[in-house]
2 protein chains.
Amino acid sequence: MATIIDVAKAANVSPSTVSRVIADHPRISLKTKRKVREVMKDLAYYPNIQARNLAAKKTMMLGVVMGHSAMLAFQNPFFPEVIRGISATAHARKYGLSLSTGGTEREILDEVRAMVQSKKVDGIILLYAKDQDPIFEYLRAENFPFVVVGTPPEHRLETDYIDNNNVALAEELVDYLIALGHEDIAFVGGDIHYGVTRDRVKGFEQSYAKHGLEVDAAYYQHNTDHVEETLLKLMQLKNRPTAILTQDDLMAYEIITHLERLAIRVPDDVSIISINNHALSNYMRPALTTVEIHIFELGYKAAEFLCQRIENPTKKAQHAFVETKLIVRESCAKRC
Amino acid sequence: MATIIDVAKAANVSPSTVSRVIADHPRISLKTKRKVREVMKDLAYYPNIQARNLAAKKTMMLGVVMGHSAMLAFQNPFFPEVIRGISATAHARKYGLSLSTGGTEREILDEVRAMVQSKKVDGIILLYAKDQDPIFEYLRAENFPFVVVGTPPEHRLETDYIDNNNVALAEELVDYLIALGHEDIAFVGGDIHYGVTRDRVKGFEQSYAKHGLEVDAAYYQHNTDHVEETLLKLMQLKNRPTAILTQDDLMAYEIITHLERLAIRVPDDVSIISINNHALSNYMRPALTTVEIHIFELGYKAAEFLCQRIENPTKKAQHAFVETKLIVRESCAKRC
DNA sequence: CTGAAAGCGCTTACAG
DNA sequence: CTGAAAGCGCTTACAG
């Protein structure tokens, strides 16, 4: 395999010059560049990335870490979509992608440590935001370039992140349900330790407050593991909810199925509104009213922010909201 | 940041010895190992991966390349699941994962070239198998370690691959439908240039032949882009099919929805059988009869084969089938 | 505009 | 069991 020295010899220049041609250094003459490039082509020369990175002290790699289980276990399209978005900017900016492989939280933390200490990546994208996250804290403590997809619960001002405006999003959803006449709305699913859930609860409450309504605490059901039980409990309440807000289309379908078993019809008896706009949601019966959150864009921007941070470690932290869109279909009806 | 030299000094040994301790070399005394390890801990020393790889001429990285669009556009759980499987063995064997980021086929090919020529990865996992694939051909020509998830159309004997037994799988499905009385079965969806589709067509035909039936060519509909049109055409046939075999649950739902619009009921008028066992398929109406193909296992084994190939480049090529399981639910009925 | 030299931080025959 | 030395294949001040 040809090295930079072979190219240098064949082109009658020094290795330094070849190196500069590779980097398209402006102070090399066009003539030299042309000659060297020709030789590189002839010899099918590709620079050795490891050597280049070692000398240049960078990696041109972005680490992507997904929270333990969270993303993958959930068979929703979040993961592939966000990766597509990240890939798009990574590719455009000539970065590679390195995925965390750990299964347990501990393994992932060790891996992240190794990624930064062993100089495997130039920066890291955290695909989640949650409370008391040792990985988040580690990255902060090390002052290592990273960005989070989601809104970190702490140190927001000093960290780069990208998210939907989940407060506003939930408020809009609840506004919509209230406009349909619903006043007893349950919020089912979603780990309350995740920022995303908390923000949505907040938006929920803002809408209620705005309309002079009071939230019944029994309507908050954030235990994802026992959907069926949760629904039973909810439906046995004196003031049983007439609408349900849930955070993912897949969960919405699970809920609808359980409801049907209880002979409760959607949307006639209970309205369901969701978030994520799964590709299937248009094909389902009833077609789901849900929110498009533009996951691709989330990933795209996250990588964008990270690359900027890597290039300029001292710049001010960036945050932004990616737009969302309520998609009204058939799973919500007027309260009768 | 501490280097191997700092550790060596602090431990009163040579850098070579530190290096050997890191590699847990057997010929280093336990006493020395202990001392060096202690120092490493004290100094929070992590070996620089780039340097190590440059010197050792390996990368401890596995490249994962997904066919252009194929995996991601399709919002099915294949991608996250197969990555989970790959991650599991990669993590166990201390390999990292590097994802291809290209969008177009050309970009992906360039990226793969760069991965191998620039020594970014020790081996590559191809997440698809198809005809005339320049990436496959390149990897073969370079004699670079790689494994394919799927059955390559050519050079099977010399290449490592892992797949379901798609011929047998399809045969079983058609046997099942025939046992229910169906004799006019359509096969909808799936690019015929992909090995997976071709194998399933073969299984389809084997079942027909076995039962002394003849396949009507009009029943093969492999144009994925216009499902609705395809169904219309199919349903206007004189011998309109009484059952439809499709290759993915998501497509099955699309089909069911279109059928309902035509006032054709599933499974009463037409039976639907599918493949992939999506997490949702149990919640759908009608609950889908489909095949569990164990995607995690596919990824796990693929990485396993690849690591073995990397460690032993001259060993005989390995292939294996991952088991599949027909899951009978409610979308198929006896022909009436 | 180009080159010689030092260096990036490791590994690994070779020698003892 | 351990060390000195060469080398992995680049980059980048420094000098001219």
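Lettering follows sequence order; numbering is per chain, from 1. Note that the structure is a prediction, hence the values are computed from the model and not measured. The basis for the numbers below is simple: all heavy atoms, side chains too, and nothing from hydrogens, waters or symmetry mates.
One can place CD1 of A:Ile22 at 8 Å from C1' of D:dC10, the figure rounded to the nearest angstrom. Atom P of nucleotide C:dA4 and atom CD1 of A:Ile5 are separated by 12 Å, given to the nearest angstrom. Remark: P of C:dG9 and CD1 of A:Ile49 are 19 Å apart, rounded to the nearest angstrom.
Across all strands, A:Ser16 comes closer than 4.0 Å to base atoms (heavy-atom distances). Residue contacts shown for A:Val18 are absent, as no nucleic acid heavy atom lies under 4.0 Å away. Looking at heavy-atom distances under 4.0 Å, B:Arg27 makes contact with a base.
Nearest heavy-atom pair, B:Arg113 versus B:Arg106, reported as atom, atom and distance to 0.1 Å: NH1-NH2, 4.0 Å.
Between B:Thr32 and D:dT2, a side-chain N or O to OP1/OP2 separation shorter than 4.0 Å is present. For C:dG9, one of the phosphate oxygens OP1 or OP2 lies less than 4.0 angstrom from a side-chain nitrogen or oxygen of A:Lys57. Between A:Tyr45 and D:dC10 there is a side-chain N or O to OP1 or OP2 distance below 4.0 Å. Within the 4.0 Å cut-off from OP1 or OP2 of D:dG3, at least one side-chain nitrogen or oxygen of B:Thr17 is found. In this model, the phosphate group of D:dG3 is approached by a side-chain N or O of B:Ser14 to a distance below 4.0 Å at OP1 or OP2.
Within the shown strands, nothing qualifies as a pairing partner of C:dA4 under the Watson-Crick or G-U definition with both distances less than 3.5 Å. In a base pair of the Watson-Crick type (N1 to N3 plus N6-O4 or O6-N4) or a G-U wobble (N1-O2 and O6-N3), with each distance short of 3.5 Å, D:dA13 is matched with no nucleotide.
Side-chain contact, A:Asp163 with A:Thr151: a donor N or O sits under 3.5 Å from an acceptor N or O.
Set against D:dC10, C:dT2, C:dT11, the side chain of A:Ile4 has D:dC10 as its closest nucleotide. For B:Leu54, taking side-chain heavy atoms from C-beta onward, the closest of the listed nucleotides D:dG9, D:dT11, C:dG3 is D:dG9. Comparing atom distances between the B:Arg20 side chain and each of D:dA4, D:dT11, C:dC10 picks out D:dA4 as nearest. Picking from C:dA4, D:dT2, C:dT11 the nucleotide with the shortest atom distance to the side chain of B:Ile28 gives D:dT2. Out of C:dG9, C:dT12, C:dC1, the shortest distance to the side chain of B:Ser19 is found at C:dT12.
D:dT12 and D:dG16 have their C1' atoms separated by 16 Å, given to the nearest Å.
Between B:Phe136 and B:Phe146, the distance separating the two ring centers is shorter than 6.0 angstrom.
Atom CZ of A:Arg52 has 12 or fewer neighbouring heavy atoms from other residues, nucleotides or ligands inside a 6.0 Å radius.
Between B:Leu126 and the choices B:Asp133, B:Thr159, B:Val147, the side-chain contact (heavy atoms from CB on, under 4.5 Å) rule is met once, by B:Asp133.
Sequence order on DNA chain D of the closest nucleotides to A:Thr3 and B:Leu30 puts B:Leu30 first from the 5' end.
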